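These notes are about the structure you will find just below.
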Amino acid sequence: MDYMSTRGGASGVKSAEAILKGLAPDGGLFVPDEMPHIDKAFLDELKDMDYMGRACSVLRLFLTDYDDEEIKGCVERAYGGGKFDTVDIAPVMTDCSFPILELWHGPTSAFKDMALQLLSQLMTTAMKKTGEKSQILILAATSGDTGKAALCGFQDVPGTKILTFYPKGGVAKMQELQMVTQKGANTGVLAVEGNFDDAQAGVKSIFADKVLAGKLLENNVKLSSANSINWGRLAPQIVYYFSAYTDLLRSGRIKDGESVDFVVPTGNFGDILAGFYAKKMGLPVGRLVCASNRNNVLTDFLNTGIYDRKRDFYKTISPSMDILVSSNLERLLWYMTDDTAIVKRWMTELAENGSYDVGAEVLDKIKDTFSAGCADDERTKAVIREVYEKEDYVLDPHTAVAWAVAEDYSKANKGRCVTVLSTASPYKFCQSVLEAVGENVDNKDTFYMLDRLSDINRYHVPAGLAALRTAEVLHSDSCRKEEMPDMVLDFAQR
């Protein structure tokens with residue numbers, strides 16, 4: 001299987017090369033040039049496997065230039081060694097009204113661990129396979145969770161450096177603490193004055209900067225990405241849809257062949273796009289429901305076909321979803337049109353004019369699979385409180401957005417199996433969660449709130465978050481968006 005760019009400027013690229021590059025040379029995103037298909041026998045085999053076995057089975061369909069031993073080694077190093085606090089890695093909780101796919105049992109307590117623990121392994125293996133001698137500098141823009149997960153995944157990985165940009169004042173306190181205390185001789189963290197879209201746009205422009213690329217090469221450095229624009233981030237996320245489906249089968253929640261609808265809290269569209277890949281491969285996925293917070297650009301797009309980022313940006317209690325430019329939507333548009341020229345045109349219109357319109361025909365094709373809904377902060381808090389009181393389960397604010405949308409969706413789609421993706425531990429958002437359940441935490445510090453939440457939650461405080469209590473702040477610099485290229489060059493030369 002080879003990979004090509006959504007904008008037509010690259011083709012015939014092996015997966016190892018696509019993972020090393022991150023972004024295609026023309027600014028597009030790499031996509032596989034064919035879709036693998038699975039059958040019932042494939043799913044039957046997965047039912048008796050653990051998560052790592054399932055990962056190997058799914059990934060080998062996409063990473064055809066990696067041999068079986070290479071994939072197995074990458075998977076075992078990513079998910080083994082006690083990095084995850086449950087042997088199930090991504091368990092499905094079936095004792096609530098909606099089954100909940102918990103994706104936050106990794107070292108940074110967010111779903112990004114599912115991919116970023118593996119990306120570093122895939123990338124270093126790709127370096128050996130391709131004979132890459134340059135140092136790989138990983139750039140990541142984060143709205144909260146990607147940054148820490150990427151830093152953790154690449155910490156002290158030979159042949160790599162990683163620099164993460166996050167919006168100053170635009171992430172939760174616990175998320176910021178996770179990043180600024182990150183150890184590792186090869187790690188860097190910078191706060192950007194602006195919002196996540198500013199940070200993401202800055203990183204994309206750096207990848208397109210040929211002058212900077214030349215300066216980096218003089219220092220024997222090449223750029224790659226840890227954001228979900230990198231195929232090595234997206235491929236591992238496909239796995240947990242397969243794993244969730246087979247777990248639902250084993251639990252008796254669904255029958256063989258029965259379809260499952262997944263409700264996904266969505267910002268950059270990578271998590272839900274992985275579900276689309278699973279469906280296209282033949283997994284019985286019914287509908288994919290995109291759940292947004294008040295920054296509901298995706299809800300509007302999926303209902304109207306018009307993507308318009310020219311709108312107010314809101315800081316919400318679900319900060320990882322505070323995004324107005326959803327990069328992975330470009331991959332979906334390519335699949336819906338099979339036309340690199342029109343995708344390139346739409347992306348140019350978005351960059352230059354702030355909007356594009358895909359038209360009724362493309363929108364109808366998208367609506368065949370996707371639904372959408374949104375919830376503001378007040379609804380999110382109400383859902384956290386209601387689920388805690390009625391189901392003795394504590395949701396984080398992102399999962400609560402998905403739960404709210406799932407409630408609305410299920411009312412109109414009775415009798416369907418609706419599963420909610422839970423993308424972060426509630427301990428990362430203690431203040432918002434505690435206030436939602438009626439606790440007064442005015443003037444209380446972060447770790448008082450961490451302890452208080454542990455009194456009411458069925459899960460213990462994750463070890464990585466507990467360790468922040470005594471962690472030293474190691475990164476305190478900030479920059480303006482226009483200074484980001486200079487910061488990258490300076491970091492590369494250290």
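All residue numbers in this chain count up from 1 along the given sequence. Predicted, not measured: the structure shown is a model, and the values here were computed from it.
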Handout entry: Verdict with supporting geometry, Lys381 and Asp377, salt bridge (Lys or Arg N to Asp or Glu O under 4.0 Å)
Key = CA-CA 6 Å; Lys381 291 176 184 177; Asp377 280 357; 5.9 Å; no
Non-hydrogen side-chain atoms of [X] and [Y] separated by less than 4.5 Å:
{"X": "Ser224", "Y": "Met123", "answer": "yes"}
{"X": "Glu407", "Y": "Phe98", "answer": "yes"}
{"X": "Asp322", "Y": "Tyr314", "answer": "no"}
{"X": "Cys479", "Y": "Met487", "answer": "yes"}
{"X": "Lys183", "Y": "Leu474", "answer": "yes"}
{"X": "Leu212", "Y": "Leu489", "answer": "yes"}
{"X": "Phe262", "Y": "Val289", "answer": "no"}
{"X": "Arg452", "Y": "Val441", "answer": "no"}

Practice task
Determine, using ring centers only, whether Tyr79 and Tyr51 are less than 6.0 Å apart.
Solution key: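 Ring centroids of Tyr51 and Tyr79 are less than 6.0 Å from each other.
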Problem - Output field: ring centroids Phe269/Phe370 closer than 6.0 Å - result: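 Yes, the ring of Phe269 comes within the 6.0 Å limit of the ring of Phe370, centre to centre.
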State plainly whether the residues [X] and [Y] are in salt-bridge range, i.e. N to O under 4.0 Å.
{"X": "Arg469", "Y": "Asp451", "result": "yes"}
{"X": "Arg253", "Y": "Asp247", "result": "no"}
{"X": "Asp95", "Y": "Arg458", "result": "yes"}
{"X": "Arg416", "Y": "Asp261", "result": "yes"}

Atom [atom1] of [X] with >12 non-hydrogen neighbours under 6.0 angstrom:
{"X": "Lys310", "atom1": "NZ", "result": "yes"}
{"X": "Arg294", "atom1": "CZ", "result": "no"}
{"X": "Lys83", "atom1": "NZ", "result": "yes"}

No-hydrogen, no-angle side-chain donor-acceptor test under 3.5 Å, [X] and [Y]:
{"X": "Gln200", "Y": "Ser327", "answer": "yes"}
{"X": "Arg331", "Y": "Asn328", "answer": "yes"}
{"X": "Gln178", "Y": "Gln182", "answer": "no"}
{"X": "Trp104", "Y": "Ser422", "answer": "yes"}
{"X": "Thr181", "Y": "Glu472", "answer": "no"}
{"X": "Lys428", "Y": "Ser109", "answer": "no"}
{"X": "Glu132", "Y": "Ser134", "answer": "yes"}
{"X": "Asn268", "Y": "Ser326", "answer": "no"}
{"X": "Gln175", "Y": "Ser320", "answer": "yes"}

Validate the cation-pi geometry between [X] and [Y]: distance from NZ or CZ to the six-membered ring centre under 6.0 Å, angle to the ring axis within 45°.
{"X": "Arg54", "Y": "Phe242", "value": "no"}
{"X": "Lys444", "Y": "Tyr448", "value": "yes"}
{"X": "Lys21", "Y": "Phe30", "value": "no"}

Supply the atom-to-atom distance [X] [atom1] to [Y] [atom2], rounded to the nearest 0.5 angstrom.
{"X": "Lys161", "Y": "Phe491", "atom1": "NZ", "atom2": "CZ", "answer": "5.5 Å"}
{"X": "Gln117", "Y": "Leu122", "atom1": "CD", "atom2": "CG", "answer": "11.5 Å"}
{"X": "Ile366", "Y": "Leu333", "atom1": "CD1", "atom2": "CG", "answer": "5.5 Å"}
{"X": "Cys430", "Y": "Asp396", "atom1": "SG", "atom2": "CG", "answer": "11.0 Å"}
{"X": "Ser371", "Y": "Asp408", "atom1": "OG", "atom2": "CG", "answer": "11.5 Å"}

Handout entry: Candidate list Thr187, Leu223, Ile162, test side-chain contact (heavy atoms from CB on, under 4.5 Å), partner Ile138, passing option
Key =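 The option that passes is Ile162.
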Handout entry: Phe111 vs Tyr240, side chain to side chain contact (heavy atoms under 4.5 Å, CB included): CA-CA, chis, key distance, verdict
Key = CA-CA 10 Å; Phe111 84 101; Tyr240 49 70; 3.7 Å; yes
Exercise for the section: Applying ring pair (Phe, Tyr, Trp, His ring centres under 6.0 Å), run through Tyr166 and His475 and close with a yes or a no. Expected result: CA-CA 12 Å; Tyr166 72 94; His475 309 274; over 10 Å; no
Exercise for the section: Could you go through the ring pair (Phe, Tyr, Trp, His ring centres under 6.0 Å) check for Tyr388 and Trp403 one step at a time? Expected result: CA-CA 12 Å; Tyr388 169 64; Trp403 190 283; over 10 Å; no
Problem - Full working for side chain to side chain contact (heavy atoms under 4.5 Å, CB included) between Ile136 and Met127 - result: CA-CA 9 Å; Ile136 301 298; Met127 292 171 70; 3.8 Å; yes
Practice task
Walk me through it: do Lys204 and Asp209 pass the test salt bridge (Lys or Arg N to Asp or Glu O under 4.0 Å)?
Solution key: CA-CA 9 Å; Lys204 285 186 175 180; Asp209 190 333; over 6 Å; no
